[in-house]
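What follows is one structure encoded as structure tokens, with my remarks underneath.
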Protein chains: 2
Amino acid sequence: MFKKVIVSDDLVSMNLGMLTALETLKVKEVTPVQYCDDAYLKIKKAVLDNAPYELLITDLSFKKDHRDQKFESGEDLIKALHEEFPELKIIVYSIEDRIQKVRRLVKKFHAKAYVCKGRRGLIELSEAVKSVYKNELYLSDQVSQALNKKSNLEIDDYDILLVKKLANGLSQDQISQLFKENDISPSSLSSIEKRLNKLRIQFKANNAIHLVAIVKDLGLI
Amino acid sequence: MFKKVIVSDDLVSMNLGMLTALETLKVKEVTPVQYCDDAYLKIKKAVLDNAPYELLITDLSFKKDHRDQKFESGEDLIKALHEEFPELKIIVYSIEDRIQKVRRLVKKFHAKAYVCKGRRGLIELSEAVKSVYKNELYLSDQVSQALNKKSNLEIDDYDILLVKKLANGLSQDQISQLFKENDISPSSLSSIEKRLNKLRIQFKANNAIHLVAIVKDLGLI
DNA sequence: AACTTCCTTACGGAATTCCGTAAACAAAAA
DNA sequence: TTTTTGTTTACGGAATTCCGTAAGGAAGTT
């Protein structure tokens, strides 16, 4: 089993919960932190000390408070850690269950497990730790289809940007001009109309308003 | 201090945290539940047994799972309890920090305290319990302006309904017809346009799409 | 080269939204 | 009763969105 683990969540209760779960798994050394920056610094220091952490379990959303933070979210932290310390295994433990987010974290940043907080959260977390120790990927049931399906929700960065601009109050004409200025293609009004039409069909939206509402509900923007 | 308290949160860790906080406050009898329906049933039974709970501490958002629930959210539960058992004191303990939500819960359903989950969550919760015991209202710092400000955001139920319909993909014409059918006034297309225009100005929105996006971000719909 | 195929752009008309002005109506005040 | 005030409704034109059709261009294929 892992020897040295760090857990990160801004809520004390959650940290305690993880602590007891890891205790039952006979993990000797567990460090709890409440800020992403602390997690980063401790992980970095441990590497310099030649006693690196083997596993990080972290939440995604952290409340802002008086302390200014370099990493504002768990995702920021994970991104940085993946680049700097690819050896460190990472388990995400979050209330969020958006497929898109899971896919991004696992595929882009190589998170080894994604556990949804919930009534069975601690049980699943414990299973996840065991799986990851055996180098197996672990996903909570609710998000398990995040990878296997090609998940027809083929919606790319361009689409996201487009809908975001729309939600920010720009007219399709304004978006067209903006895209022309920034060399984003396609940029013609006609293409933008066409793309939005495709998205409306894909998300079964009656009109642009409906589309924005749906996409916001899905957490895509 | 309170003798008999019930705490409700779908996450075990949170329930445990509340339990220890209440223990430090010398509360003798604390019942933890993980479903709103369970909270309701236990509260009801306790009243029938002539040994009612004095205080409920509850989260707002509960994950759905296989068990079908009558009350899907903490707000549903609070609404029902306020009507049926006005004697029961209620503390909300939630991650949400939307002013609007706080105001609604406190003013409409007479919640006695609103504590935001966060790094100081358990400390504040403990203070809240003490305040409520002394019949004082308690609000976390982040949401303390929820009441004092007359908060000119004068937006009524009609406005909410209107924007909701819009977000659901109905055209202004369809909304007009719907309102006519349901005897909701005003119902003319012209009036609906006018009202939406007022809301756009109020929320500094460029157009209807922008309005819906803003109102969704504020958590009003 | 000739030919698909896919993507971008253009265009036009119908529907809807946007926005100002004004009439119709009701309730309260003079 | 008349006046005032505020709300609802009506109307018209400009702007934008919606939607189908088609032209232009950049790939790769035969």
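Excluded from the calculations below are hydrogen atoms, water molecules and symmetry mates; all remaining heavy atoms, backbone and side chain alike, are included.
- Side chain to side chain, B:Asn135 and B:Lys89 meet the donor-acceptor criterion of an N or O pair below 3.5 Å.
- Taking for each of B:Arg195 and A:Asn207 the nucleotide of DNA chain D with the nearest heavy atom, the 5'-most of the two is the partner of B:Arg195.
- Side-chain contact check for A:Arg119 versus B:Leu11: every heavy-atom pair is 4.5 Å or farther apart.
- Residue B:Lys194 places no side-chain atom within donor-acceptor reach of the base of D:dT7, judged by atom type and a 3.5 Å distance cut-off alone.
- If you take CG of B:Asn197 and P of D:dT8, they are 15 Å apart, rounded to a whole angstrom.
- Residue A:Arg200 places its side chain closer to D:dC18 than to any other of C:dC19, C:dT8, D:dC18.
- At the heavy-atom level, A:Ser191 lies under 4.0 Å from base atoms of the strands shown.
- Between A:Ile175 atom CD1 and D:dT16 atom P the separation is 12 Å, expressed in whole Å.
- Between the CG atom of B:Leu196 and the P atom of C:dT16 there is a distance of 15 Å, given to the nearest Å.
- If you take CD of B:Glu193 and C1' of C:dA22, they are 15 Å apart, rounded to a whole angstrom.
- Using a 4.0 Å heavy-atom cutoff across all strands shown, A:Ser171 reaches sugar-phosphate atoms only and no base atom.
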- Apply side chain to side chain donor-acceptor pair (under 3.5 Å) to the pair B:Tyr35 and B:Gln69, showing each step before the final yes or no. CA-CA 8 Å; B:Tyr35 293 89; B:Gln69 296 291 299; 5.9 Å; no
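- Distance B:Asp156 CG to D:dT7 P: 11 Å, rounded to the nearest Å.
- Comparing D:dT8, C:dC19, D:dC19 against the side chain of B:Ser185 picks out D:dT8 as the nearest.
- If you check C:dA10, D:dT8, C:dC19 against the side chain of A:Ser190, the one that comes closest is C:dA10.
- Within the structure, every side-chain polar atom (N or O) of A:Gln172 is placed at least 4.0 Å from both OP1 and OP2 of D:dA15.
- Rounded to whole angstrom, the span from the CG atom of A:Leu170 across to the P atom of D:dT16 amounts to 12 Å.
- Between the CD1 atom of B:Ile201 and the P atom of C:dC18 there is a distance of 12 Å, given to the nearest Å.
- A straight line from NZ of A:Lys165 to C1' of D:dT17 spans 20 Å, rounded to a whole angstrom.
- The aromatic rings of A:Phe2 and A:Tyr133 sit perpendicular, their planes meeting at an angle over 60°, well past the 30° parallel limit.
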- Apply the test side chain to side chain donor-acceptor pair (under 3.5 Å) to residues B:Ser176 and B:Lys180: give CA-CA distance (whole Å), side-chain angles for both, the deciding distance (0.1 Å), then the verdict. CA-CA 6 Å; B:Ser176 165; B:Lys180 282 192 174 80; 3.2 Å; yes
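- The nucleotide whose nearest atom lies closest to any side-chain atom of A:Ser187 is, among C:dC18, D:dT9, C:dT9, C:dT9.
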